[in-house]
Number of protein chains: 2
Amino acid sequence: MSKTVCVVQDFLNDAYKDRIRQAAAAGGFTVQFFTSAEREAAKACIRDCEVLYAQIPDLLRAASPALGWYASSSAGVDAYCADPALFPNPDCLLTSANVYGVTIAEHIVMVALMLLRRLPDYTEPLRRHEWPAPSLIRSIRDGNFTLLGTGNIGQNAAQRLRGMGAAKITGVSRSGKPHPAFDEVYPIARLDEVLGRTEFLISALPGTPDTIGLLDGRRLGLLPWGAYLVNVGRGSVLDQTALRQALDSGALAGAALDVSTPEPLPPADPLWDAKNLILTPHISGNLTLGYTCDENVRLFCENLVRYAKGEPLQGLVDRSRGY
Amino acid sequence: MSKTVCVVQDFLNDAYKDRIRQAAAAGGFTVQFFTSAEREAAKACIRDCEVLYAQIPDLLRAASPALGWYASSSAGVDAYCADPALFPNPDCLLTSANVYGVTIAEHIVMVALMLLRRLPDYTEPLRRHEWPAPSLIRSIRDGNFTLLGTGNIGQNAAQRLRGMGAAKITGVSRSGKPHPAFDEVYPIARLDEVLGRTEFLISALPGTPDTIGLLDGRRLGLLPWGAYLVNVGRGSVLDQTALRQALDSGALAGAALDVSTPEPLPPADPLWDAKNLILTPHISGNLTLGYTCDENVRLFCENLVRYAKGEPLQGLVDRSRGY
């Protein structure tokens with residue numbers, strides 16, 4: 001097996017490549033770079049490499065048991081965990097890049113304000129060049145927010161909501177372990193009681209066997225009348241039919257989905273026409289912000305140095321747990 | 001002259017009316033309440049009253065020299081200052097309600113994120129049920145913001161941008177007096193040099209003889225290529241033709257106007273079709289948020305007690321200066 005790092009990424013400029021080459025050289029590795037359009041040409045390199053830095057699960061089908069570490073540049077790794085046979089070497093390490101907290105938190109604040117300030121009310125009148133009267137609105141100030149997921153995304157969102165004057169910020173996580181960004185953190189087992197007093201629910205949950213279908217019709221029904229919902233995690237967490245019914249009945253005053261099942265959402269899906277729904281095409285956390293790209297490369301280089309030394313990696317995924 | 005307070009407002013619930021009655025009684029006043037739909041019926045009361053709490057400049061045409069104080073529930077009072085003959089008593093006090101900072105700051109953060117995250121790129125594809133690829137974006141974090149106007153609105157916006165990680169927040173005011181919400185405050189006389197290093201310009205300026213036409217084509221041209229502009233103050237500050245040209249050429253990467261000249265914007269105005277423009281129908285600061293309504297009534301009641309005692313009023317306007 002060769003000490004080769006294979007990189008298949010579209011966002012790398014020359015400065016990023018230089019940083020990766022330096023980190024690789026420090027660990028005795030050589031690097032080959034490919035874009036996603038060059039994935040066929042990358043296969044020979046993937047077959048032989050020890051480290052693969054990419055965000056395309058299918059590339060693993062070209063890998064050999066020589067692969068010791070797949071560094072995902074994405075945060076969500078559900079596609080890597082769903083099929084154990086995907087990894088040719090069962091002991092291959094998988095890391096996720098938890099560097100999307102800032103950009104996703106900014107997305108959360110944006111859509112929270114769009115919903116609370118009733119922006120969907122104005123869309124059609126303004127399109128007709130009309131000048132609609134103002135709707136009654138709510139504010140982040142004095143609001144009561146619950147975040148499902150208290151990691152990098154949840155913490156960054158909580159800090160920003162706090163800075164905007166939110167009255168109460170509750171976290172919900174697997175363990176319920178307290179964190180200073182949240183007033184309280186509950187274990188997911190107590191989700192139902194938290195929902196009953198949540199005015200604004202934000203899910204940043206990954207797609208795992210434990211979270212799929214978590215926000216079903218029954219749980220959406222536990223939210224107070226007129227609550228709001230944002231999903232920036234994985235579409236599989238939410239029952240979209242139940243969501244549509246809750247929106248159309250007014251039980252939910254609005255929702256913003258950046259993720260859906262499936263993606264892209266089919267053109268004829270009835271969700272497109274749900275009332276008070278803001279749909280975005282999975283744009284909350286991408287390699288489209290300079291800061292996120294910087295952090296992604298920084299994390300990979302730090303981990304590459306650790307890997308070369310045999311030290312524990314940051315963002316290591318438990319593939320059986322799914323994150 | 002009778003010790004009467006005439007109130008012409010649409011947002012007052014019974015609790016608000018009780019608070020106003022109590023404050024009035026404490027000062028020896030009686031109160032009559034009308035809605036804007038009852039303005040004809042209100043005229044007899046307006047003719048006779050000493051205090052008028054309203055937001056319709058035309059009501060002053062029914063007032064007599066007995067009117068000692070017009071309490072505007074709006075923040076912008078340009079319509080009251082434009083015509084000195086509007087006040088039947090030249091010594092009549094005018095106060096503005098500077099209680100819109102929170103709601104307007106939330107609007108500013110919302111549209112700033114919508115612009116920086118390139119939401120207008122997605123509008124048309126999503127309307128066709130397509131799933132567009134993500135655009136390159138920018139963030140509030142590490143951004144460089146300039147606020148024209150360092151009062152209640154500017155301070156609230158600066159605090160929120162700071163909480164989102166903005167790198168630099170510059171204020172511009174008449175005096176240039178420092179304020180802790182801003183890294184630096186410049187006098188308006190030095191506006192041109194500030195514009196040259198402003199990535200994101202936000203105007204919360206009132207419409208006064210000094211501000212009309214301030215953001216003309218020459219000054220917009222001083223902004224760096226690809227800058228963003230938000231106007232939540234008065235439309236008269238901005239040259240809309242120059243703005244449209246700057247947007248269409250790409251000199252400005254985007255703009256969000258909540259105010260325009262005139263309002264409503266005529267259906268055939270070319271501004272409707274400017275590139276990367278987010279138009280909203282003067283909804284950033286209205287009596288549509290509970291908190292703003294609370295503060296409006298609180299301020300009026302405090303001022304009513306002060307007025308009855310002959311003490312200075314909060315938010316007193318210099319009509320010749322325009323704010």
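No hydrogens, no waters, no symmetry mates; every other heavy atom, side chains included, goes into these values. First the proteins, then the strands, lettered A, B, ... as listed; each starts at 1. These figures come from a predicted structure and were not determined experimentally.
- Side-chain contact between A:P266 and B:W131: absent, with no pair of heavy atoms (C-beta onward) separated by less than 4.5 Å.
- In terms of heavy-atom pairs under 4.5 Å with chain A, the best-connected choice from B:L119, B:D269, B:V111 is B:L119.
- Residues A:M114 and B:M114 meet the side-chain proximity criterion, which asks for heavy atoms closer than 4.5 Å.
- Atom CG of residue B:L279 and atom OH of residue A:Y122 lie 13.5 Å apart, to the nearest 0.5 angstrom.
- Ranked by non-hydrogen atom pairs under 4.5 Å with chain A, the options B:G290, B:A112, B:P134 are led by B:P134.
- For A:D273, the part sitting under 4.5 Å from any heavy atom of chain B is the side chain, from C-beta outward, and nothing else.
- With chain B as partner, the option from A:N156, A:L265, A:D142, A:L116 having the largest number of non-hydrogen pairs under 4.5 angstrom is A:L265.
- Counting heavy-atom pairs closer than 4.5 Å to chain B, the top residue among A:E124, A:R118, A:Q159 is A:E124.
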Report the C-alpha separation of B:R127 and A:R127 in whole Å, then their side-chain angles, then the decisive distance to 0.1 Å, and conclude whether the side-chain contact (heavy atoms from CB on, under 4.5 Å) test is met. CA-CA 12 Å; B:R127 205 178 162 79; A:R127 205 176 162 78; 2.8 Å; yes

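- Side-chain contact between B:L126 and A:P281 is present, with heavy atoms from C-beta onward closer than 4.5 Å.
- Options B:G163, B:A105, B:P132 differ in how many heavy-atom pairs under 4.5 Å they form with chain A, and the most are formed by B:P132.
- The greatest number of non-hydrogen atom pairs below 4.5 Å with chain A, out of B:R160, B:E263, B:R162, is found for B:R160.
- Panel note: side chain A:E106, backbone B:L113; no donor-acceptor pair is recorded below 3.5 Å.
- Interface summary for chain B: among A:T292, A:I137, A:L136, the most heavy-atom pairs under 4.5 angstrom belong to A:I137.
- At a threshold of 4.0 Å, the pair B:R141-A:E295 does not count as salt-bridged, since none of the basic side-chain nitrogens sits closer than that to a carboxylate oxygen.
- Classification of the A:W272-B:H129 ring pair by plane angle, with boundaries at 30° and 60°, yields parallel.
- Note that the OG atom of B:S135 and the CG atom of A:N286 stand 9.5 Å from one another [nearest 0.5 Å].
- For a residue to count as touching a neighbouring chain, one of its non-hydrogen atoms must lie under 4.5 Å from one of that chain's; by this rule B:V109 touches chain A with backbone and side chain alike.
- Residues B:R117 and A:T103 have side chains that bring a donor and an acceptor to within less than 3.5 angstrom of each other.
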